[in-house]
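Worksheet: the structure to be examined is printed underneath.
Values reported hereafter were calculated over all heavy atoms of this structure, with side chains retained and with hydrogens, waters and symmetry mates removed.
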Amino acid sequence: MNYSEAKCELKQLLSRVSPSELPKLLHWIRNSDELDELLLDNRTVMLQSIADDLRASLPLEAMLPSETAAHHKMQQQSRPTVHVDGFLYDDEQVDSLCEEGTMSRSYCLSCGSYRTAALEFISHSFSVSELQFLFQNVLPDLTGRMLVDVGSRLGAVLYGGYVYSSASQLVGVELSEEFVRLQNNMLQKYRLTDRVQVLHVDVCTQDVLLQNADVLVMNNVFEYFMEPSEQIRAWRFIMQNVRKKGSLLVTVPSLQESLSALQETLQPGWVEELPVDYDVYLGRDADPDALRQIHLYRVM
C-alpha cells in the first residue's frame, strides 16, 4: 500500500467512527506513544544500544579535555552554550537528566534571582531520527557506493549508514585518537567491520579517498575544531579534490553558511544544491528545525 492509498483508507476509516468517539481517536493519534513504537525496528534498537555503550564511556557532555578549540568556541557564543550529543541523548533522556538535576535547559541571568533564560544546545552528531532521515529520505540507494564521513567523531553516521543503507564502504576520517578508539570498539563489538573502517588521519592528507568518494558527509565539521585559517585550508582541499561527477555532499549547515562565515567563496560550477523533502514523520523525537539544516549537493 502506497502513501495515497493509505491516506484514502485512513480517511474512510475516520468517516466511519462515531462522532462522539472521533475526538478521542484523534487525540490518541496525536499523542500516543503506540504509533511511534510501530516505527521502532531492530535497526533503531541497535543504534540505541550503541549509544548506550558510548554514554558509559564518555562524560555527560561527550567532549574530550583535548578539544580545547571547541571548548573555547562555545565560550565565545553570545548565549551560554552546552554540548548535548544528539546521537547519545534524545529529548526524553535530556528531560530525565534535567528532572534529576544532572543537566539544565536554562541558566540564571542574575545569580539568586528567578530570572532565567534558555541555554543554547549544540550537537556534533546526528540523532537517530536524523540518521534515518539522511539515509532513507535524503540520499538515494547507495548500493555499491562508498560514503566518507569527515570528522566521524563517535561514528554515528557510520553506524547509521550500516543499518539504514546498502553502501558497500563506510569510511570515517577522524583526527582524535580517542574517538577513533571508541569507534573501533563499537565496530568490533557490533561486528560492523565488514563494511566500516575509521582512519586516524587529517582529511587534508586524503586526496585519493576524496576523489573516489561517492558521498561525502560533513556535519558541523570544522567550525568548532579549527582556527579560521585551518578551516579555509580544509575547505579548499575538499573543493579541489571532491570532483567526481555526480558524487554527493551532505552538509550541516549549508555550504553557503559555512563558507560565508570565513569570507570564502563557493567555487562556481562545483556543485548544485538538490531539493530535499523535509515533510516526513519520523516520530515525536524528530526535530524539524534540525532536519532542515541538512543540505544535499551534487558535484557537477
Side-chain angles (χ1 to χ4, degrees), residues 24-64 70 74 77 79-108 116-138 152-164 179 182-183 185-186 189-190 217 219-220 224 252-253 278-294:
K24 287 189 285 185
L25 178 61
L26 293 175
H27 181 271
W28 176 80
I29 290 173
R30 293 189 186 106
N31 299 286
S32 174
D33 290 333
E34 292 178 57
L35 290 180
D36 283 347
E37 289 169 4
L38 294 175
L39 301 175
L40 194 65
D41 59 22
N42 289 336
R43 297 170 298 180
T44 303
V45 171
M46 179 176 171
L47 293 179
Q48 291 173 341
S49 179
I50 293 174
D52 289 344
D53 286 340
L54 287 170
R55 277 198 303 274
S57 305
L58 289 163
L60 182 64
E61 68 275 14
M63 292 185 68
L64 301 174
M74 289 170 60
Q77 300 303 300
R79 285 168 54 187
T81 301
V82 294
H83 181 254
V84 179
D85 193 276
F87 182 66
L88 301 185
Y89 300 99
D90 59 26
D91 279 346
E92 187 174 327
Q93 289 166 320
V94 171
D95 287 341
S96 296
L97 290 169
C98 290
E99 286 174 6
E100 64 187 40
T102 307
M103 186 182 289
S104 176
R105 289 186 181 274
S106 59
Y107 67 99
C108 182
T116 61
L119 280 166
E120 190 76 20
F121 282 1
I122 185 170
S123 173
H124 299 305
S125 299
F126 286 124
S127 67
V128 171
S129 58
E130 288 161 11
L131 290 169
Q132 184 180 356
F133 176 71
L134 171 62
F135 287 104
Q136 297 185 337
N137 296 88
V138 177
S152 54
R153 200 170 178 83
L154 300 181
V157 168
L158 306 178
Y159 316 135
Y162 191 95
V163 301
Y164 289 132
F179 281 139
L182 271 177
Q183 291 174 83
N185 288 344
M186 295 302 104
K189 178 174 181 177
Y190 289 89
V217 178
N219 178 20
N220 281 331
Y224 281 82
V252 175
Y278 299 103
D279 190 20
V280 295
Y281 181 74
L282 298 169
R284 288 191 295 168
D285 283 338
D287 180 353
D289 292 333
L291 297 185
R292 291 184 182 279
Q293 288 292 308
I294 300 174

Problem set entry | Pairwise side-chain contact, L60 with L97, heavy-atom cut-off 4.5 Å (strictly under) | yes

Exercise. Can you tell me how far CG of L291 sits from CG of N137, rounded to the nearest 0.5 angstrom?
Worked result: 8.5 Å

Problem set entry | Heavy-atom pair of closest approach, residues L47 and Y164 | CD1-CE1, 3.5 Å

Problem set entry | Least distance between heavy atoms, P253 atom then N220 atom | CD-OD1, 3.7 Å

Exercise. If you look at every heavy atom in D287 and D289, which pair is closest and at what distance?
Worked result: OD1-N, 3.0 Å

For this session: Determine, stepwise, if the pair F87 / E130 fulfils side chain to side chain contact (heavy atoms under 4.5 Å, CB included).
Result: CA-CA 9 Å; F87 182 66; E130 288 161 11; over 6 Å; no

Problem set entry | Donor + acceptor pair across side chains of S152, Q183 (<3.5 Å) | yes

For this session: First locate atom CE of M46, then atom OH of Y159, and finally report the distance between them rounded to the nearest 0.5 Å.
Result: 10.0 Å

For this session: Start with the C-alpha gap between Y278 and F133, add the side-chain angles, then the distance that decides, and say whether side chain to side chain contact (heavy atoms under 4.5 Å, CB included) holds.
Result: CA-CA 9 Å; Y278 299 103; F133 176 71; 3.7 Å; yes

Exercise. Should we say atom CG of D52 is surrounded by more than 12 heavy atoms from elsewhere, each under 6.0 Å from it?
Worked result: yes

Problem set entry | Residue pair L154 / L54: nearest heavy atoms and the distance that separates them | O-CD1, 3.9 Å

Problem set entry | Distance, nearest 0.5 Å, that separates CZ of R43 from CD of Q136 | 5.0 Å

Exercise. If you measure from CG on L131 to CG on N219, what distance do you get to the nearest 0.5 Å?
Worked result: 9.0 Å

Problem set entry | T102 side chain vs C98 backbone, donor-acceptor pair below 3.5 Å | no

Exercise. Given side chains that start at C-beta, do those of V84 and E61 come closer than 4.5 Å, heavy atoms only?
Worked result: no

Problem set entry | Side-chain donor-acceptor pair present, S123, S125, cut-off under 3.5 Å | no

Problem set entry | Any donor-acceptor pair under 3.5 Å from Q93 side chain to D90 backbone | yes

For this session: Give the minimum heavy-atom separation between F126 and V217, together with the two atoms involved.
Result: CE1-CG1, 4.0 Å

For this session: To the nearest 0.5 angstrom, please state how far the CZ atom of F179 sits from the CG atom of L64.
Result: 3.5 Å

Exercise. Can you list the residues that meet the side chain to side chain contact (heavy atoms under 4.5 Å, CB included) rule with A62, with sequence neighbours excluded?
Worked result: L58, H83, D85, L88

For this session: Mind checking the OG-CG spacing from S49 to N42? Nearest 0.5 Å is all I need.
Result: 11.5 Å

